[in-house]
Each structure stands twice: as structure tokens, then as C-alpha cells.
Amino acid sequence: MLDCSTLKVNLKRIKSDILTLAEIGQNHEDRGIYRMAFTDADMEGKRWLSDRIEDAGLALSTDGAVNISGTLHGSTDQPRILVGSHIDTVPCAGALDGTLGVVVGLECLRRMHEEKVVPQRTLELIAFSDEEGRFGGMFGSQSVAGKINPERLATMSDLDGVLLGDEMRRHGYDPLAALDAARDPETIANYLELHIEQGPVLDRSHKPIGIVDEITGLFTWSVWLRGEANHAGTTPMDMRNDAFMGLADFAHEVPRILEENGSDRSRATIGKAQILPGAANTVPGLVEFSLDVRDTSEVVLEELSSAFRKALSAIARRRNLMFEFEQKSYLSPVACSTEVVQQLQKQSEQLGLDYHTMPSGAAHDAQIMGSIVPIGMVFVPSKNGQSHSPAEWTAWSDIEAGANVMLQTLAKLSQG
Ligand SMILES: [Zn+2]
């Protein structure tokens, strides 16, 4: 067996895979890729990947959630290592979100197999279904993590009301089989994922590698401040219950709340707001807005939640408004495995690559897998921090660097 420490990925092959897969589902007018989960284009992408797995001599398998796997069998039956991401896209996507992690995982296993490396632990490439959320998101990884139930399977639908079950049946799959995709966590040692950063940090700091230590958790609220709609001319300024002024006060307090109750990893965003009734000559009687709050610590998230509630109550009292909110979603933060983080750092150093240890501000399949097994994530820089658009790009040299870090880390971790 060859000494794995000299093993390198074949960048030419990675390039060709990325560019070929980018043509599947590409719209020639806006150059965007439309490979949303379980569309014909997504299924064509899955078939393309299956062919590449077979060409590479890896064992091809598809589970009940239509996750596609390619396996390089190890010499022992120790828990296996999974590496992957997703190949479904948002509408009008770029070529790398998800796809890069799958192509890199494939290349790592392919390189080891062609050099006749037999790892001690089995290595499995996995491309998860519907990460991007046509039917809610993370469907494939949630199925593997055992977080799907028959009720959800029967009711999950896209924005046009198309049921996931109908789409799966249309392609010849039984939706209930997704329940069989659940794995025993004892059979998995680690899940690793390489992903584009989708933010500006690595690009600005000119570092080719990001090593994720924590994946952010979040809560999102819908908030209502109710006042009284009234004539903009006849209602004196001191006799108004102006709902928009309540929102303006609150927006102004967000930085102070983050400073006092958050961490340097806290983020809060009011991304959507509606002023009602919405007439230029009417004092607003109602504002409805969203609040998206993120941090890598569950304790900090709780503190922020209570601080935001207090601030909104105080503003409502001061402005004579009624305050209501509803929590729309909650996702727990997940810490990456210290052992994997250290291995990624060590391999980056040995390859002479500058890295930055950082949180992930976005959710990925790794977050779901992190609820059942120890995980690790590698980021590569996104040019200008752009993502979810045809402008999304990463320099080939950075892709090569990230892929080699992944290859070396897999080689080490698979030695049991
Ligand atoms: Zn992604």
C-alpha cells in the first residue's frame, strides 16, 4: 500500500466533474442552475453521479430517501466515515453550493481506490436529497438521522403545493421507504463535509481554508406591534399609537442588545417588514416583521431571546402598542468534533496551507448529522462572498487546496 501522505487529488477531473454537472439543469438565458430536489434535472444529476461512482469502481447504492452513496470498503468492520454534501440547488443557483462537497468526496475516494489504498474504516460518499429546501430542506440527512416520520412524509409540499410523496412516486420511489434510510449512529464514526463558505470572511482574509469549529443555531420570530391607524393630518404627534415608530425604536436597539447579551458570533436580522394599512396619509396601525437571530451557543441564544422580548415589551409600553410574537423555527447550534477539527488543522499545516478556524453561519447537512455523530467541516473561499447565484465561484487553486485537506484527513481518520 502506498504511503497516503503523498496522495493528491486530480484537479483536472474535479474541474471536469463540476463543469459537466453544472450543465444539468442550467438555464441558458440567466446562466442559473435549476436543479431543485426531485425535479427531472435533479434526478438527471443523481443519475450522472451514480454513473461516476460506478466508473470509479466504488459500490453504488441508493437509500429510501434517494440519497446516493459510493462506498470504498475498508479492511475492518469498524464504524465507517461518511463524506458528502448535496447536489440539489436553489432556483437560479451557482455551480458549487453542495456540488463541490460531493465532487470532492468522490475524488478523494476515487484517488484512494485507484492507488489501491484499502482503508481500515469503510469510506462512504453520500449526496443528500433536498438540502436546499424545495420540500423544507435537509430531507436526506434528516432521514439518515432518523428525524423523519410518516406524517411529515405525507404532508411535505413545495411552494406550489406539489407533495414530496407525489414527486417521489413520479420518479418510481416509494416515499415511505425514506423511513428505512435511518442509520444506527453506532455504525458511523464521523461525517465530513466540504462546502463553499457562502460569506466574505475567507475571501477578505486571503486564506484558502476555513475549518469550522461550530455551526450556528438560530431562532426566527414573526413579530406584531399593534397600534391604531389614523389620519396623518388630524392626529397630533403626541396622540398617536404609531406601530412603525415601535419597529424603528426596536431596530435601533438591536446593536445594543447584541453587544450586551450576545457574543461576537451573534447575528440578528430584520429581513422582512410590512407596514399596515400601508397608505402615505395614514398613521400605521400595525407592523409585522421577521426577526432572525443566530449564535453558536444555546445559552447565548436564550439570553438574546429574553433580551429581545424585554426590549419589545418596553417599546410597546412606551409607544402604547400591543406586542405579540410567534417562534417560527428553532435550530440548535452544533459543535464540530474536536478530534476532527485538530486533524483538519494538522493536515492543512502539513500541506503548507493557511487556515482560519471559524463558525458556520449557515445550516448544512453537517448540522443534522452532528445531532447523531461527530462531524467536521471544511470551507473554501467564496469570491466576494457571493452564493445562491450564477456569480458564485471559488478559485480552482482554493478548490484543490480544500480537496487535498479533505483527502489527507480522510486517509488519516480511516486508519481507525
Ligand atoms: Zn449547500
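Counting starts at 1 for both ligands and their atoms, following the listed order. What's counted below: heavy atoms across the whole structure, side chains too, no hydrogens, waters or symmetry copies.
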Worksheet, complete the sentence: Closest to the Zn ion (ligand 1), among the N/O/S atoms of Asp97, is atom OD1
Worksheet item: Taking just the N, O or S atoms of His195, which one is nearest to the Zn ion (ligand 1)?
Response: NE2
Item to complete: Tell me, please, if His364 has any N/O/S atom, main chain or side chain, under 2.8 Å from the Zn ion (ligand 1)?
Response: no
Worksheet item: Do the non-hydrogen side-chain atoms of Ile315 and His252 ever get within less than 4.5 Å of each other?
Response: no
Fill in: Ring-face cation contact, Trp221 with Lys328, 6.0 Å cut, 45° max
no
Worksheet item: If we ignore angles and hydrogens, is there a donor and acceptor under 3.5 Å between the side chains of Asp213 and Thr357?
Response: no
Worksheet item: Per the side-chain hydrogen bond (donor to acceptor under 3.5 Å, both in side chains) rule, which among His86, Gln142, Arg134, Lys46 passes with Ser129?
Response: Lys46
